[in-house]
Amino acid sequence: MTVQELPGAAAYRPTPPPAWKPLTDPAPLLPDPEPYRVLGTDAVADADPELLLRLYAELVRGRRYNAQATALTKQGRLAVYPSSTGQEACEIAAALVLEERDWLFPSYRDTLAAVARGLDPVEALTLLRGDRHTGYDPREHRIAPLCTPLATQLPHAVGLAHAARLKGDDVVALAMVGDGGTSEGDFHEALNFAAVWRAPVVFLVQNNGFAISVPLAKQTAAPSLAHKAVGYGMPGRLVDGNDAAAMHQVLGEAVARARSGGGPTLVEAVTYRMDAHTNADDATRYRVDSEVEAWRAHDPIQLLERELTGRGLLGDDGIEEAREAAERMAAALRERMNADPVLDPMDLFAHVYVEQTAQLREQAARLRVELEAEQDQHGQDDMEEGR
């Protein structure tokens, strides 16, 4: 018997019952049709000059940090470095909008955001140097470990923010991810949980055009990545990722909304990765030089410098001062990274479990015996050389 043959089939309507209605009005959640901008628009008149100058100094320092870290890979002092050159406005704004009590959840490309938040530049590079898993205490700095697996930091951010809200703590989590990470399941799960729980989280997607060699058009057919927010019931914001003032404003509004109980926001920053994916990548195989040059004309430092000099807020002395401060930072980083770290192989077992398993204890004991035997051998060799 089919549905049409059932008693009362004439009243059947293939539509939801009248009680059905949308949980959320989608209209207020939709992003603007074009990326939001401040620099070069009337909105810049409302920008705080002191904030603009601070953003400029941090951008200059960030650009130099990226250049120095990239050079360290060529010198063999870093195993790998994913540069954020061209994306500095996203990185700096993400760090500056947070209060000390808030948490930052970075991806592997977001070392600059961690440094701008106050992390020691050397500690920020420890993972990429291969010395330790993290290199810093996440609780001390309120910065989660730099995340190499794509998007797995996003559910962690939601969990921390939700737990803080349940405890009554006034904490916001800002989670950073690239456009490639939006194709991972963790991205969708994190947004869904965050919206349902109204967790105080801000998701920042740095859309730099490529997931390694895969352009955005091969990942999604959505109008923008910010539009994905609507499907989960949160606002989506589309912003010019190279406009430092716009980034700070949009992220600041999203953080304030989250802190006040308004729930999560998805921010898509349209930017560009000027350098290769990492020092091991050859970007010339999947993009042309003319595309890179077109984005150089939209460089975040130049955009802000042009605004500041045009308004008489920045002169040659200020530009030189920012560059000299950045150079001092780079020199100190270079000097410290040239010193070989003193490592204890037994640290391999120190932070795996609160209480070591029997297998770990066995492995630690075996390594200890091997290290002692190697030390004894070195001692004998030294004695023989001294004879």
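The residues of the chain are indexed from 1 along the displayed sequence. Below, each value reflects all heavy atoms present in this structure, side chains not excepted, and no hydrogens, waters or symmetry copies.
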Could you please spell out the steps behind the side chain to side chain contact (heavy atoms under 4.5 Å, CB included) verdict for Val214 and Phe210?
-> CA-CA 5 Å; Val214 180; Phe210 293 92; over 6 Å; no
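Annotation: side chain of Thr134 is not in contact with side chain of Thr126 (no heavy-atom distance under 4.5 Å). A 4.5 Å side-chain heavy-atom check between Leu72 and Gln75 finds at least one atom pair inside the cut-off. Between Ile143 and Tyr136 there is a side-chain heavy-atom pair separated by less than 4.5 Å. Taking 4.5 Å as the limit, every side-chain heavy atom of Leu127 sits out of range of all side-chain heavy atoms of Thr111. When side chains are defined from C-beta on, Val80 counts as touching Asn279, because their heavy atoms get closer than 4.5 Å. The side-chain heavy atoms of Leu238 and Glu34, taken from C-beta on, include no pair separated by under 4.5 Å. Proximity of Tyr65 to Pro121: side-chain heavy atoms (C-beta onward) are separated by under 4.5 Å at one or more points. Using a 4.5 Å heavy-atom threshold, the side chains of Arg237 and Thr265 count as touching.
To the nearest 0.5 angstrom, Leu367 atom CG is 9.5 Å from Gln363 atom CD. Taking OH of Tyr36 as the reference point, atom CD of Glu253 lies at 7.0 Å (rounded to 0.5 Å). Atoms CG and CD1, on Leu314 and Ile319 in that order, are 4.5 Å from each other to the nearest 0.5 Å. In this structure, CG in Leu266 is found 7.5 Å from CG in Leu225, a value given to the nearest 0.5 Å. The distance from atom CD of Glu327 to atom CZ of Arg64, rounded to the nearest 0.5 Å, is 4.0 Å. Between the CZ atom in Arg306 and the CG atom in Asp299 there is a gap of 9.0 Å [rounded to 0.5 Å].
Tested against His248 for a side chain to side chain contact (heavy atoms under 4.5 Å, CB included), the candidates Val239, Leu96, Asp243 yield a single pass: Leu96. Checked against Gln87 for a side-chain hydrogen bond (donor to acceptor under 3.5 Å, both in side chains), the options Thr271, Asn208, Asn66, Asp275 give a single hit: Asn208. The side chain to side chain contact (heavy atoms under 4.5 Å, CB included) with Leu39 is formed by just one residue from the set Leu303, Asn242, Asp240; it is Leu303.
In this pair, Phe193 and Trp197 present their aromatic rings tilted. The plane angle is within the 30 to 60° band.
Counting non-hydrogen atoms of other residues, nucleotides and ligands closer than 6.0 Å to CG of Asp317 gives a total of 12 or fewer. The local environment of CG in Asp289 is sparse, with at most 12 non-hydrogen atoms from other residues, nucleotides or ligands closer than 6.0 Å. Residue Asp42 places its CG atom among 12 or fewer non-hydrogen atoms of other residues, nucleotides or ligands, all under 6.0 Å distant. Annotation: Glu324, atom CD; neighbour count of heavy atoms from other residues, nucleotides and ligands within 6.0 Å is above 12. Heavy-atom neighbours of Arg54 CZ from other residues, nucleotides or ligands within 6.0 Å: at or below the threshold of 12. Heavy-atom contacts from other residues, nucleotides or ligands closer than 6.0 Å to CD of Glu335 number 12 or fewer. At most 12 heavy atoms of other shown residues, nucleotides or ligands fall within 6.0 angstrom of atom CG in Asp316. Around CD of Gln359, the count of heavy atoms belonging to other residues, nucleotides or ligands within 6.0 Å does not exceed 12.
The shortest heavy-atom contact between Phe203 and Pro264 is CE1-CB, 4.1 Å. The minimum heavy-atom distance between Cys147 and Thr152, with the atom names listed, is SG-OG1, 2.9 Å. The two residues Asp110 and Pro106 come nearest to each other via the heavy atoms CB-CB, 3.6 Å. Nearest heavy-atom pair, Arg287 versus Arg273, reported as atom, atom and distance to 0.1 Å: NH1-O, 2.6 Å. Ala258 and Pro200 get closest at one heavy-atom pair: O-CB, 3.5 Å.
Formation of a donor-acceptor pair under 3.5 Å by the Arg257 side chain with backbone atoms of Gly263 is found in this model. In this structure, the side chain of Arg63 does not engage the main chain of Ile301 through any donor-acceptor pair within 3.5 Å. A donor-acceptor contact shorter than 3.5 Å links the side chain of Asp282 to the backbone of Thr284. Side chain of Arg77 to backbone of Ala69: no donor-acceptor contact under 3.5 angstrom is found. With hydrogens and angles ignored, the 3.5 Å screen pairs no side-chain donor or acceptor of Arg61 with any backbone N or O of Ala326. A side-chain donor-acceptor contact under 3.5 Å links Gln356 to the backbone of Phe349. With hydrogens and angles disregarded, no donor-acceptor distance shorter than 3.5 Å links the side chain of Gln206 to the backbone of Ala269. With Asp281 contributing its side chain and His277 its backbone, the two residues share a donor-acceptor pair below 3.5 Å. Between the side chain of Asp169 and the main chain of Val171, no donor-acceptor pair closer than 3.5 Å is present. In this structure, Tyr286 contributes its side chain and Ile212 its backbone to a donor-acceptor pair below 3.5 Å.
In the hydrophobic clustering of this structure, Leu55 groups with Val115; members are Ile, Leu, Val, Met, Phe, Trp, Tyr whose side-chain heavy atoms approach within less than 4.5 Å, directly or through other members. Following chains of ILVMFWY side-chain contacts shorter than 4.5 Å, one cannot reach Trp103 starting from Leu146, and the two form parts of different hydrophobic clusters. Residues Leu125 and Met176 share a single hydrophobic cluster, defined by chaining ILVMFWY side chains whose heavy atoms lie under 4.5 Å apart. When the side chains of ILVMFWY residues are joined at heavy-atom separations under 4.5 Å, either directly or via intervening members, Leu52 and Tyr56 end up in a single hydrophobic cluster. By the rule that hydrophobic residues join a cluster once side-chain heavy atoms approach within less than 4.5 Å of another member, Leu59 and Tyr272 end up as members of separate clusters.
Look at Asp120 and Arg336 and you find a salt bridge, because one of the NZ, NE, NH1 or NH2 atoms lies within 4.0 Å of a carboxylate O, short of that distance. A salt bridge between Arg142 and Asp102 is absent, with no side-chain N of the basic residue lying under 4.0 Å from a carboxylate O of the acidic one. Under a 4.0 Å N-O distance rule, the pair Glu372/Arg368 does not qualify as a salt bridge.
Thr182 and Asp179 form no side-chain donor-acceptor contact under 3.5 Å, judged by distance and modelled atom types alone. For the residue pair Arg198/His162, the side-chain donor-acceptor check at 3.5 Å is not satisfied.
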